[in-house]
Amino acid sequence: MKVLVIGSGGREHAIVDALSRSAKVEKIYAAPGNAGMAAQAECVNIGVTDVEALRDFALENKIELTVVGPEAALAVGVVDVFKAAHLRIFGPTKAAARIESSKEFAKELMAKYNIPTSGFKAFTSYEEARDFVAGRPFPAVLKYDGLAAGKGVVIAQDMEEADAALKDMLLDDKFGEGKVVVEDFLTGPEFSFMCFVSGHKVWPMELSQDHKRAFDGDKGPNTGGMGAYSPLPFITDEDKEYALSHVLQPVADAMVEEGCPFEGVLYGGLMKTPDGVKVIEFNARFGDPETEVVLPRLKSDIVDIFCAVADGGDTQLEWHDFATLGIVLASKGYPDAYEKGHEIKGLDAVESHLYHMGTCEKEGRILTAGGRVLFVVGRGATLKEAREMALRDVEKIECDNLFHRSDIGYQAFK
Ligand code: AMP
Ligand code: GLY
């Protein structure tokens with residue numbers, strides 16, 4: 001089978017890696033791909049939102065399966081365009097991807113179908129939002145929901161911070177037209193529960209945990225994720241069963257009921273609160289960096305799973321017992337401004353899985369080319385062994401412009 005993977009990060013590198021373990025795969029293309037996957041996939045220079053060019057490439061090259069990595073491609077309807085051309089593609093339609101792209105859609109769906117999440121209210125008026133927040137306890141959770149998606153979540157500790165954030169989000173023109181969702185503040189360990197979903201069918205993956213803050217001790221700004229690991233010792237089988245039967249399965253059923261059945265990976269960003277498991281957010285795709293610690297543990301042939309989801313068939317998932325723990329090497333300055341083009345050496349000595357998140361190759365040299373640059377995933381019989389392997393390998397990588405967290409997995413080692 002010829003397969004196309006859309007995306008260029010560590011997540012897509014891990015998908016390419018999993019595909020290359022399948023005997024059914026003859027050739028892998030990645031658009032646009034990156035320097036790390038070039039050994040396993042032919043990189044094609046088409047951007048992830050250039051959906052017509054992607055479709056034409058798939059038609060011309062007789063691609064039998066396309067797998068979508070990033071949300072940006074889903075949000076512009078890559079799945080709809082491929083399906084209209086009768087191409088097999090793994091991922092949700094634009095309508096189904098609203099579970100991620102619109103916080104209000106997700107929140108209203110959860111309210112309608114009794115999915116456990118924090119209480120919320122949506123606002124378009126700055127004055128109304130401010131008065132509402134002023135009458136409630138702090139911290140206040142403020143989430144911008146509009147075209148400039150991704151800008152944000154603010155956890156405001158007092159009225160001054162909340163007021164500044166609300167002004168930014170609702171009065172400042174550069175955010176564009178949008179809403180703000182104000183939520184109750186929840187506490188407890190967070191975890192990522194990704195499931196393969198095809199209409200009513202839900203196949204749960206192993207659990208993982210991301211580390212969103214830039215620095216040790218969960219300090220510093222939010223990032224795309226600085227490390228992850230799997231499995232999670234502090235989430236019990238009962239917690240997972242509860243999350244499946246009270247969150248992921250009912251959401252899959254609700255999407256069918258609402259006329260936009262979900263196909264692809266439904267990602268529950270969940271929190272184990274003192275009142276039980278609750279939803280923080282949904283994503284309509286594989287998480288990054290969670291995918292890079294979960295897919296290496298997958299024993300089953302991933303092509304069978306992708307095809308079962310896309311064709312509405314059946315499959316089952318088997319997992320390895322070993323643990324994985326990954327550490328991100330990011331450019332100094334990330335998630336704010338950072339330099340590119342610093343040479344990286346020592347990669348050949350790394351024994352862990354090494355996923356490229358933002359690199360490029362120039363005349364045989366590997367250079368930094370993004371905020372998150374490399375992801376080093378150790379494995380072992382225990383999380384402790386996996387961590388030791390990852391930390392050992394991180395030390396082998398030479399580059400003068402990278403930093404990493406040294407406490408990935410700390411919640412598992414308490
Ligand atoms: P989100 O983009 O919705 O995943 O939010 C980013 C981060 O903000 C989450 O990973 C949580 O750490 C935090 N967060 C979001 N919503 C809440 C909430 N209702 N209560 C507490 N923390 C939250
Ligand atoms: N790691 C969080 C995400 O993929 O959104």
Side-chain angles (χ1 to χ4, degrees), residues 7 9-12 14-15 68-75 97 99-107 110 115-122 133 136-146 148-157 162 165 169 180-194 205 207-214 217-230 264-275 277-295 326 328 330 335 355 357 371-372 375 405 408 411:
R11 165 182 50 207
E12 290 77 21
I15 294 169
V68 189
E71 200 241 341
L74 299 171
I99 193 89
E100 172 169 7
S101 60
S102 165
K103 295 211 186 278
E104 199 185 19
F105 175 85
K107 277 296 195 184
M110 286 189 271
I115 314 289
T117 186
S118 56
F120 80 103
K121 213 167 144 87
V133 170
R136 286 163 41 97
F138 284 89
V141 180
L142 312 173
K143 298 189 177 179
Y144 181 73
D145 188 17
K151 286 234 180 111
V153 176
V154 172
I155 314 269
Q157 299 301 326
M169 293 174 179
V180 167
V181 175
V182 180
E183 287 184 17
D184 297 334
F185 180 74
L186 303 177
T187 54
E190 287 180 57
F191 61 104
S192 304
F193 190 4
M194 300 189 284
M205 294 187 224
L207 301 178
S208 57
Q209 189 189 47
D210 187 11
H211 296 57
K212 292 211 165 94
R213 302 297 201 96
D218 289 329
K219 300 272 181 347
N222 266 314
T223 69
M226 294 297 293
Y229 61 101
S230 175
V265 172
L266 182 61
Y267 164 129
L270 308 178
M271 196 181 261
K272 182 175 173 169
T273 78
D275 306 320
V277 171
K278 294 193 179 181
V279 177
I280 294 283
E281 64 159 354
F282 286 109
N283 292 325
R285 52 172 174 82
F286 281 110
D288 192 1
E290 289 94 327
T291 302
E292 297 94 304
V293 295
V294 171
L295 288 189
V328 171
Y355 296 113
M357 302 182 106
R372 293 188 296 175
F375 194 38
R405 278 181 64 160
I408 300 303
Q411 289 184 53

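Hydrogens, waters and symmetry mates are skipped; everything else that's a heavy atom, side chains included, is used. In listed order, ligands and their atoms are each counted from 1.
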Worksheet item: Short question: side chain of Arg372, backbone of Gly225 - any donor-acceptor pair under 3.5 Å?
Response: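 Present.
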Worksheet item: Arg11 side chain to Phe286 main-chain N or O, any donor-acceptor pair under 3.5 Å?
Response: yes
Practice prompt. Could you name the protein residues that come within less than 4.0 Å of ligand 2, counting only heavy atoms, and order them by chain and residue number?
Written response: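 Within the 4.0 Å shell of ligand 2, which is judged on heavy atoms, sit Asp210, Gly224, Tyr267, Asn283, Arg285, Gly287, Asp288, Pro289, Glu290.
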Worksheet entry | Interatomic distance, Lys212 atom NZ to Asp218 atom CG [nearest 0.5 angstrom] |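 CG of Asp218 is found 11.0 Å from NZ of Lys212.
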Worksheet item: Name the residues in contact with ligand 1, where contact means a heavy atom under 4.0 Å away: which are they?
Response: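 Its neighbours under 4.0 Å (heavy atoms only) are Lys103, Ser118, Val141, Lys143, Val153, Ile155, Glu183, Asp184, Phe185, Leu186, Glu190, Lys212, Ile280, Glu281, given by chain and number.
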Worksheet item: So do the side chains of Pro70 and Glu12 get within less than 4.5 Å of each other, counting heavy atoms only?
Response: yes
Discussion item. Side chains of Glu290 and Tyr267: any donor to acceptor distance under 3.5 Å?
Written reply: yes
Discussion item. Quick test of your reading of the model: are Arg136 and Asp184 salt-bridged, counting only N-O distances below 4.0 Å?
Written reply: yes
Worksheet item: Thinking salt bridges, do Lys272 and Glu190 make one under a 4.0 Å N-O criterion?
Response: no
Worksheet item: side-chain contact (heavy atoms from CB on, under 4.5 Å) between Val141 and Phe120: does it pass, once the steps are laid out?
Response: CA-CA 9 Å; Val141 180; Phe120 80 103; over 6 Å; no
Discussion item. The test is side-chain contact (heavy atoms from CB on, under 4.5 Å); show your working for Ile280 and Leu270 and say whether it passes.
Written reply: CA-CA 5 Å; Ile280 294 283; Leu270 308 178; over 6 Å; no
